[in-house]
Novice: 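Here it is, the structure in full.
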Amino acid sequence: MKIRPARREDAAAIAQLSRELAEHLADPDPGADSGPILELGFGANKWFDCLVAEQDGEIAGCALYCRRFEAHTRSKKLYLADLAVAKGRRGEGIGETLIEALRKEASALGCKSIVFDLWVENTTARGFYERIGAVRDSELEVYAIPVGAVPSAP
């Protein structure tokens, strides 16, 4: 297995992996359109980086990530947006190999840690992350601020 930076020609495979991840998380199907992945991962207005696991000429998994900086702690972190492994390839060590490559990337960038969100009902992923040494940050809670109409104050 080879871990490498994603290339434009990997966009369709990344889109398929994201569909499988959405299904696993009971999220709506994002569809097969790889346009947003091409635009935001490889275009002039890049929003994310991606590592892929390639074996026998096929993409078996991917890790999408972004840089994150906190001024109040002066710390750099990598934000793991998505870790996806093809349905038929789960349990083969692909996720662990991608995380190890991401750890090396984070270290090379001088990052303090890799951070991520985890759906509370995703017990499979929780077990995976615990096995590779991830610890829950009990000091933080995840919130989402809707973009668009702001609710009126009571």
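All values reported here derive from a predicted model rather than from experimental measurement. What you see below is based on every heavy atom in this structure, not just the backbone, and it leaves out hydrogens, waters and symmetry mates.
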Novice: Donor-acceptor pairs under 3.5 angstrom involving side-chain atoms of residues 11-30: please list them, not counting sequence neighbours.
Specialist:
unit_1: Gln16; atom_1: NE2; unit_2: Glu20; atom_2: OE2; d: 3.2
unit_1: Ser18; atom_1: OG; unit_2: Ala15; atom_2: O; d: 2.7
unit_1: Arg19; atom_1: NE; unit_2: Asp29; atom_2: OD1; d: 2.9
unit_1: Arg19; atom_1: NE; unit_2: Asp29; atom_2: OD2; d: 3.4
unit_1: Arg19; atom_1: NH2; unit_2: Asp29; atom_2: OD1; d: 3.4
unit_1: Arg19; atom_1: NH2; unit_2: Asp29; atom_2: OD2; d: 2.5
unit_1: Glu20; atom_1: OE1; unit_2: Lys87; atom_2: N; d: 2.8
unit_1: Glu23; atom_1: OE1; unit_2: Lys87; atom_2: NZ; d: 3.1
unit_1: Glu23; atom_1: OE2; unit_2: Lys87; atom_2: NZ; d: 3.3
unit_1: His24; atom_1: NE2; unit_2: Asn122; atom_2: OD1; d: 3.3
unit_1: Asp29; atom_1: OD1; unit_2: Gly31; atom_2: N; d: 2.7

Novice: If you look at every heavy atom in Phe42 and Ile37, which pair is closest and at what distance?
Specialist: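 Reported closest heavy-atom pair: CD1-O, 3.6 Å.
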
Novice: Please report the closest heavy-atom contact between Gly110 and Lys76, naming both atoms and the distance.
Specialist: O-CE, 3.7 Å

Novice: Transitively linked via ILVMFWY side-chain contacts under 4.5 Å: Ile132 with Val85?
Specialist: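 Yes: a chain of side-chain contacts under 4.5 Å links Ile132 to Val85.
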
Novice: When rounded to the nearest 0.5 angstrom, what is the spacing between CG in Leu80 and CZ in Arg68?
Specialist: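 Reported value, rounded in 0.5 Å steps: 12.0 Å.
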
Novice: To the nearest 0.5 Å, how far apart are CG in Leu118 and CD in Glu121?
Specialist: 11.0 Å

Novice: To the closest 0.5 Å, what do you measure between NZ (Lys77) and CD (Glu70)?
Specialist: 3.5 Å

Novice: Evaluate the side-chain proximity of Asp10 to Arg4: yes if any heavy-atom separation is below 4.5 Å, no if none is.
Specialist: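 SC-SC contact between Arg4 and Asp10 confirmed.
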
Novice: How long is the gap from OG1 on Thr123 to CZ on Phe128, to the nearest 0.5 Å?
Specialist: 14.0 Å

Novice: Of all the heavy-atom pairs spanning Gly93 and Met1, show the shortest one and how long it is.
Specialist: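 Smallest heavy-atom distance, with atoms named: O-CE, 4.5 Å.
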
Novice: Give a yes or no on whether the backbone of Gln55 and the side-chain of Lys2 come within a donor-acceptor separation of less than 3.5 Å.
Specialist: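 No: the side chain of Lys2 does not pair with the backbone of Gln55.
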
Novice: If only side-chain N and O atoms count, and only distance matters, is there a donor-acceptor pair under 3.5 Å linking Glu100 with Thr97?
Specialist: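 No donor-acceptor contact under 3.5 Å links the two side chains.
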
Novice: Take atom CD of Glu96 as the centre, draw a 6.0 Å sphere, and report whether it contains more than 12 heavy atoms from other residues, nucleotides or ligands.
Specialist: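 More than 12 within 6.0 Å, yes.
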
Novice: Does the separation of the ring centres of Tyr65 and Phe116 fall below 6.0 angstrom?
Specialist: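 Ring-ring flag for Tyr65/Phe116: false, centres at least 6.0 Å apart.
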
Novice: Would you say Arg89's side chain and Ala86's backbone share a donor-acceptor pair under 3.5 angstrom?
Specialist: no

Novice: Using only heavy-atom distances, determine whether the side chains of Asp117 and Tyr79 contain a donor-acceptor pair under 3.5 Å.
Specialist: yes

Novice: Could you list the residues that satisfy salt bridge (charged side-chain N to carboxylate O under 4.0 Å, His left out) with Glu105, not counting sequence neighbours?
Specialist: none

Novice: Supply the atom-to-atom distance Trp47 CH2 to Cys66 SG, rounded to the nearest 0.5 angstrom.
Specialist: 8.5 Å

Novice: Can you tell me how far the OG atom of Ser34 sits from the CZ atom of Arg8, to the nearest 0.5 Å?
Specialist: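 Here the interatomic distance stands at 9.5 Å.
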
Novice: Give the cluster check for Val115 versus Leu64: same hydrophobic cluster or not, with ILVMFWY residues linked at side-chain heavy-atom distances below 4.5 Å.
Specialist: no

Novice: For Glu141, what residues pass the salt bridge (charged side-chain N to carboxylate O under 4.0 Å, His left out) criterion, not counting sequence neighbours?
Specialist: none

Novice: With the side chain counted from C-beta on, respond yes when Cys111 and Ile114 share a heavy-atom pair under 4.5 Å apart, and no when they do not.
Specialist: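 Counting from C-beta outward, Cys111 and Ile114 never come under 4.5 Å.
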
Novice: In terms of hydrophobic clustering (I, L, V, M, F, W, Y; side-chain heavy atoms under 4.5 Å; direct or indirect links), are Leu102 and Val52 co-clustered?
Specialist: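 No, it is not one cluster - the side chains of Leu102 and Val52 are not joined through contacts under 4.5 Å.
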
Novice: Hydrophobic cluster membership, with links at side-chain heavy-atom distances under 4.5 Å among I/L/V/M/F/W/Y: are Phe48 and Leu83 in one?
Specialist: no

Novice: Can you get from Ile94 to Ile59 by hopping between Ile, Leu, Val, Met, Phe, Trp and Tyr side chains that sit under 4.5 Å apart?
Specialist: no

Novice: Closest approach of Leu98 and Cys62, non-hydrogen atoms and distance?
Specialist: CD1-N, 3.5 Å

